[in-house]
2 protein chains.
Amino acid sequence: MTEPRTQGHAALTGAAKKQARNGKSHATIYDIAKVAGVNPSTVSRALSKPERVSAKTRKLIEDAAAQLDYQVNPFARALPTGRTNTFGLIVADITNPTFFDIIRGAETTATLRDYTLLLAESAESPVTELTAARRMMATADGLILASPRMDDDDIRALAKDKPVVVINREVDGVPCVIPDVGKGISEAVRSLAGNGHKKLAFVAGPPRSWMSARRWEGVQAACDWSKLEAVRLESSKPTVDGGRQVAREVRASGATAVLTYNDLLAIGLMQELQAAGMVVPDQISIVGFDDIFGADFTTPPLTTVRSPLGECGAGATARLLDLLSGRGEPAGTLRVETELVLRGSSGRLLPLH
Amino acid sequence: MTEPRTQGHAALTGAAKKQARNGKSHATIYDIAKVAGVNPSTVSRALSKPERVSAKTRKLIEDAAAQLDYQVNPFARALPTGRTNTFGLIVADITNPTFFDIIRGAETTATLRDYTLLLAESAESPVTELTAARRMMATADGLILASPRMDDDDIRALAKDKPVVVINREVDGVPCVIPDVGKGISEAVRSLAGNGHKKLAFVAGPPRSWMSARRWEGVQAACDWSKLEAVRLESSKPTVDGGRQVAREVRASGATAVLTYNDLLAIGLMQELQAAGMVVPDQISIVGFDDIFGADFTTPPLTTVRSPLGECGAGATARLLDLLSGRGEPAGTLRVETELVLRGSSGRLLPLH
DNA sequence: CAACAATTGGCAACCGGTTGACAGAACGCG
DNA sequence: CGCGTTCTGTCAACCGGTTGCCAATTGTTG
């Protein structure tokens, strides 16, 4: 006969497919039913709602299932029920280390609760994002959007379909998880004020970023309180390069302390200032934001306001999973605390000699 | 009579569910068929194999589909075909930045080719890994294992079921993608030799790591060629902390140049040596491995052998997707080149004064 | 214009579980 | 012992596409 070694080919003929299936495909509830001598639907019940079946038959079925190395076919289950034990996570930019921790937190929580994680990125494009979201909606039980770029209305539309949780942004009527920047920023500003700084520059992130606006608000409020002068500088992009580029303006501003929208900006800024011969923190203090991986690789290691991104990811996932199992409120914002991580890049100004 | 409202939240009653479905669930091919005035199977054909249907009816159907905002139900499609346009990626440790690039590469390629990425981690445990792999096998069309910890035999068993591609390890009979360390290492060693170094220490990774063994082999070969003495040092774990801990042994070894199993070790080592007052690279040259994110945040920035991890992820994904579509060979190893990235942490030895 | 080939479209049987409705068995109680 | 009640288990109809097979339609050609 022809050897059914067709493996590599996408399209198998009907017979070959059957063959392959019989060879590989795992047992079905029908096989179990046959072995256990009961009706397939009884098998289904025994496996999905054990209390609905007598202990005796349950045992019988479980044994048969174990013997046949049975595994449910997720599609067959999903078709009538619509549930997949799967959820999607869409991040704005997979290149940005900020999201690593979020992904990590989400994955961990997901596995813990026996869910599988679908990952996609939007490449900062609202359109791509919406497309990815739509696609995932078809497969997943719910969705987590990390720093979404699409409109509030689009998000709400998605949320009407299936549970959605948003990270790093607040959308009315949709459950959100956001770092509460207040505490961390005020700690940072207080620390700087305590070290004698009088003027602080805030290097902002993307103009349309919800988060950047919140951080600037936090800085203003904290500086008000601590009687510091605050100025706002724009960055071209929230990356190491962007940080380098803003160095000139920072020096021109006359500020002796800088707080940046994120750590990448802080790192680039520090590199550039040091290259120009400035000593950090003796001549200028630099404070980043997020405490990303690598923030402590610099010399001096970067002082930064830690956003518990991992917790955000984990929290959002927990939130979503609760929603999926009927627990938890449909909306409302979960705030996680930020805190100052004091390292070497901030401190007292040294008089020039 | 008795109202079966016992479940309440999570489970909807039949009627309510139907209701919800009618409200939200998207159109089916039957709806399209009705609108277009054709048979559902014609709709199915028009959408999945357009050439099988006349241009006229295709247009008719496409319009109807567009009008109804139709989206295929992936489960319904997957049930008979077994195809899901989805593949799994399992990484050994989601905490390790090495994998970020792999994930990134995989995600990008996947999206490009209209596949969805399932992500899981094994937490370095062979058992967890196998469990995750099994679970994903049920849903995904194929699997990518990045630095797998399980046995070769387990991997081959999985590969018999569905296409599997392995990254960072070579498994007989399974397609693999691995960085070819030869070029990068010999460049590094040649550079060090050129700078007058005579003795090189290699800080190894986990004892059972396939990759670590390959790298040590590469170092030995390159040192042989360049007439350098090579010594091998153990690390407790391949992390920044591990790097710190191995600093004592490095100094004791008398080597003036160090090449580490990965960048994290190099960074930790450098931090510790600098803390002890040594100047890098004047007194000792340090070369890392992988060129992870943040490797250039250090002062001096880290010289390192770049493993094109992103390419590995992308390459493995491309490989897998080819396999899935019938192209590509069932086995064989794809090697991607490594190269030296010369930064500030390596260079000429400065005579002590 | 008829005959024949090449397309196109329709029917129906699956894929593998889930679940409401119902029949039969087991059991309690007077 | 009979009757009603509660459990268990079975039946059958879905969920929404896919696809082999055949019939009808269309187009081509002698």
Side-chain angles (χ1 to χ4, degrees), chain A residues 11-18 20-22 25-34 36-61 65 68 70-85 138-139, chain B residues 1-4 6-7 11-18 20-22 25-34 36-61 65 68 70-85 138-139:
Chain A
L12 301 159
T13 71
K17 180 171 151 201
K18 190 97 186 180
R21 284 196 164 248
N22 288 350
S25 195
H26 294 140
T28 72
I29 55 168
Y30 299 94
D31 300 325
I32 297 181
K34 213 172 294 171
V38 297
N39 188 287
S41 53
T42 307
V43 176
S44 173
R45 287 215 179 74
L47 296 173
S48 51
K49 17 180 88 116
E51 75 285 356
R52 181 70 177 63
V53 104
S54 77
K56 205 169 65 222
T57 41
R58 190 194 320 159
K59 177 86 169 61
L60 210 59
I61 288 170
L68 294 173
Y70 170 80
Q71 278 184 231
V72 294
N73 178 325
F75 315 124
R77 173 171 289 175
L79 192 47
T81 61
R83 306 271 331 263
T84 58
N85 265 42
T139 347
Chain B
M1 283 302 110
T2 51
E3 297 238 318
T6 30
Q7 297 99 328
L12 302 160
T13 70
K17 180 170 150 202
K18 191 93 185 181
R21 283 193 166 251
N22 288 350
S25 194
H26 293 139
T28 72
I29 54 169
Y30 299 94
D31 300 326
I32 297 181
K34 214 172 295 171
V38 297
N39 187 285
S41 54
T42 305
V43 176
S44 172
R45 286 213 183 78
L47 296 173
S48 50
K49 13 182 92 110
E51 75 284 357
R52 183 69 178 66
V53 104
S54 76
K56 205 169 63 222
T57 41
R58 191 194 319 158
K59 177 84 172 58
L60 211 59
I61 288 170
L68 295 173
Y70 170 79
Q71 279 185 230
V72 293
N73 178 324
F75 315 123
R77 172 171 289 177
L79 192 46
T81 61
R83 307 269 333 263
T84 57
N85 264 39
T139 348

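Residue numbers start from 1 in every chain, and the chains themselves are labelled A, B, ... in the order their sequence lines are given, proteins ahead of strands. As a basis for the values below, the full set of heavy atoms in this structure was taken, side chains included, without hydrogen atoms, waters or symmetry mates.
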[N] phosphate, OP1 or OP2, under 4.0 Å from [X] side-chain N/O:
X: A/R77; N: C/dG16; answer: no
X: B/S54; N: C/dG9; answer: yes
X: A/T81; N: D/dC15; answer: no
X: B/N73; N: D/dC15; answer: no

Closest non-hydrogen atom pair between [X] and [Y], with its separation:
X: B/L60; Y: B/A36; value: CD2-O, 3.4 Å
X: B/A27; Y: B/Y70; value: O-CD1, 3.0 Å
X: B/Y30; Y: B/P40; value: CD2-CG, 3.4 Å
X: B/V43; Y: B/V38; value: CG2-CG2, 3.8 Å

Measuring from [X]:[atom1] to [Y]:[atom2], what's the distance to the nearest 0.5 Å?
X: A/K59; Y: A/S54; atom1: NZ; atom2: OG; result: 12.5 Å
X: B/E51; Y: B/R45; atom1: CD; atom2: CZ; result: 11.0 Å
X: B/F75; Y: B/T84; atom1: CZ; atom2: OG1; result: 10.5 Å

Nucleotide [N], atom [atom2] - distance to [atom1] of [X] in whole Å:
X: A/K34; N: C/dG17; atom1: NZ; atom2: P; result: 13 Å
X: A/E51; N: D/dT8; atom1: CD; atom2: P; result: 10 Å
X: B/I61; N: C/dT8; atom1: CD1; atom2: C1'; result: 11 Å
X: B/K56; N: D/dT25; atom1: NZ; atom2: C1'; result: 10 Å
X: A/I29; N: D/dC15; atom1: CD1; atom2: C1'; result: 14 Å
X: A/R52; N: D/dG9; atom1: CZ; atom2: C1'; result: 8 Å
X: A/D31; N: C/dG16; atom1: CG; atom2: P; result: 9 Å
X: A/L79; N: C/dC14; atom1: CG; atom2: P; result: 17 Å

From CA spacing to verdict: side-chain contact (heavy atoms from CB on, under 4.5 Å), B/L79, A/N73: CA-CA 8 Å; B/L79 192 46; A/N73 178 325; 4.1 Å; yes

Apply side chain to side chain contact (heavy atoms under 4.5 Å, CB included) to A/V53 and list each qualifying residue two or more places apart in sequence or on a separate chain.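 With neighbours one apart ignored, the set is A/T42, A/A46, A/T57, A/R58.
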
Specify the residues of residues 41-49 of chain B, ordered by number, for which at least one heavy atom lies under 4.0 angstrom from an atom of DNA chain C.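 Those residues whose heavy atoms fall under 4.0 Å from DNA chain C, taken from residues 41-49 of chain B in numerical order, are B/S41, B/T42, B/R45.
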
Once you apply a heavy-atom cut-off of 4.0 Å, does A/Y30 come out as touching a base, just sugar-phosphate, or nothing?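 Result for A/Y30 = base.
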
Would you mind telling me which residue lines up with the more 5' stretch of DNA chain C, B/A55 or A/F75, judged by nearest nucleotide?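 The residue whose closest nucleotide sits nearer the 5' end is B/A55.
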
Just report the end-to-end axis angle for the helix from C/dC1-D/dG30 to C/dG30-D/dC1, five pairs per end, to 10 degrees.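 Roughly 40°, once rounded to the nearest ten degrees.
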
So which nucleotide from D/dC11, D/dG17, C/dT8 ends up closest to the side chain of A/N39?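 Closest nucleotide among those given: D/dC11.
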
